[in-house]
Amino acid sequence: MKNIVVLVSGGGTNLQALIDAEKSGIIQGGKITCVISSKEGAYALERAKNSGIPSRVIPRKDYPDSVSYSRAILAALNEEKADLVVLAGFMTILDECVTKEYAYKIINVHPALIPSFCGEGFYGLRVHEAALAYGVKVSGATIHFVNEKADAGAIILQGVVNVENGDTPEVLQRRIMENVEWKLLPKAVSLFCQDKIDIVDGKAVVRE
Ligand code: GAR
């Protein structure tokens with residue numbers, strides 16, 4: 001059984017999708033053993049508590065920069081003996097001290113079709129605002145490994161939704177979460193925990 005540590009910052013609907021998937025047996029070979037929040041009072045912490053999952057709060061605001069914050073996260077991941085780290089709405093970019101030690105062991109969900117609308121500054125609703133401002137006709141979400149560059153690691157899974165006339169950022173966000181994020185994130189986690197993702201020439205190859 002792999003130890004899955006989930007990093008969160010907000011509402012935690014993706015965390016909930018992971019918890020539900022573990023309970024229903026969609027996630028095989030792994031167990032969520034700890035939730036770490038970058039924000040005190042994040043609703044994701046309630047979700048962990050309601051499911052009996054231990055949690056920690058490591059507030060981003062208590063650290064002067066990304067490097068010192070990342071060191072604190074790294075220490076916690078090592079203490080928790082994390083085999084897989086999932087960034088589920090985690091709104092802080094991790095320094096390479098974490099991404100190098102956990103290379104191809106950190107999975108992120110990004111709410112757009114990478115390489116569009118991604119990188120520094122693209123997070124949460126801002127991503128959907130940018131997609132609507134551009135006028136794209138499809139959008140979606142990407143599940144990918146995390147490396148030293150924001151949203152640039154190997155892509156594991158992607159899923160697409162249509163953009164409809166009159167969509168607001170909130171409506172598009174919800175459609176992408178329901179149809180893509182909440183399904184593909186648990187799927188990618190299960191694939192990882194069953195050692196079904198190979199890295200070939202820096203790209204992720206999924207064996208289903
Ligand atoms: C999700 O849409 C996730 O893809 C996005 O934030 C939302 C968090 O929702 N993540 C990012 O933008 C990271 N760059 P949740 O807290 O309800 O899972």
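Counting starts at 1 for both ligands and their atoms, following the listed order. Side-chain atoms are counted along with the backbone in the values below, which use heavy atoms only and exclude waters and symmetry mates.
- Annotation: Tyr123 places no N or O atom under 3.5 Å from an N or O atom of ligand 1; distance criterion only.
- Near Gly11, with a cut-off below 4.0 Å to any heavy atom, the atoms of ligand 1 are 16 (O).
- Considering backbone and side-chain atoms alike, Asn14 places an N or O below 3.5 Å from some N or O of ligand 1.
- Under a 3.5 Å cut-off, the side chain of Ser190 and the backbone N or O of Ile26 do form a donor-acceptor pair.
- Each of His128, Arg174, Arg175 was checked for a side chain to side chain donor-acceptor pair (under 3.5 Å) with Asp167, and the lone residue meeting it is Arg175.
- Those atoms of ligand 1 that come under 4.0 Å of a heavy atom in His110, given as number and element, are 14 (N).
- Residue contact annotation: Val127 has no non-hydrogen atom under 4.0 Å from ligand 1.
- Every atom of ligand 1 with a heavy atom of Phe122 under 4.0 Å away is listed here by number and element: 14 (N).
- Side-chain atoms of Asp151 come within 3.5 Å of backbone atoms of Gly119 as a donor-acceptor pair (strictly under, hydrogens ignored).
- Of the protein's heavy atoms, Met177 CE, 4.0 Å lies nearest to atom 7 (C) of ligand 1.
- Under the 3.5 Å distance criterion, with hydrogens and angles disregarded, no donor-acceptor pair is assigned to the side chains of Asn50 and Glu46.
- For atom 6 (O) of ligand 1, the nearest non-hydrogen atom of the protein is Met91 CE, 3.2 Å.
- Judged by distance alone, the side chains of Gln158 and Thr142 do bring a donor and an acceptor atom under 3.5 Å apart.
- In the model, Asp198 has no side-chain atom that pairs as donor or acceptor with a side-chain atom of Tyr104 under 3.5 Å.
- Remark: minimum distance from atom 12 (O) of ligand 1 to any protein heavy atom is reached at Gly124 N, 2.8 Å.
- Using a 3.5 Å distance cut-off with no hydrogens or angles, the side chains of Arg60 and Tyr63 do not pair a donor with an acceptor.
- The shortest contact between atom 3 (C) of ligand 1 and any protein heavy atom is with Glu181 OE1, 3.3 Å.
- Ranking protein heavy atoms by distance to atom 16 (O) of ligand 1, first place goes to Gly12 N, 2.8 Å.
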- Query: Are Phe192 and Phe145 close enough, and set up right, to give a side-chain contact (heavy atoms from CB on, under 4.5 Å), and what steps lead you there?
  - Reply: CA-CA 11 Å; Phe192 179 94; Phe145 285 112; 4.0 Å; yes
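- Among all protein heavy atoms, the one lying closest to atom 8 (C) of ligand 1 is Gly89 CA, 3.6 Å.
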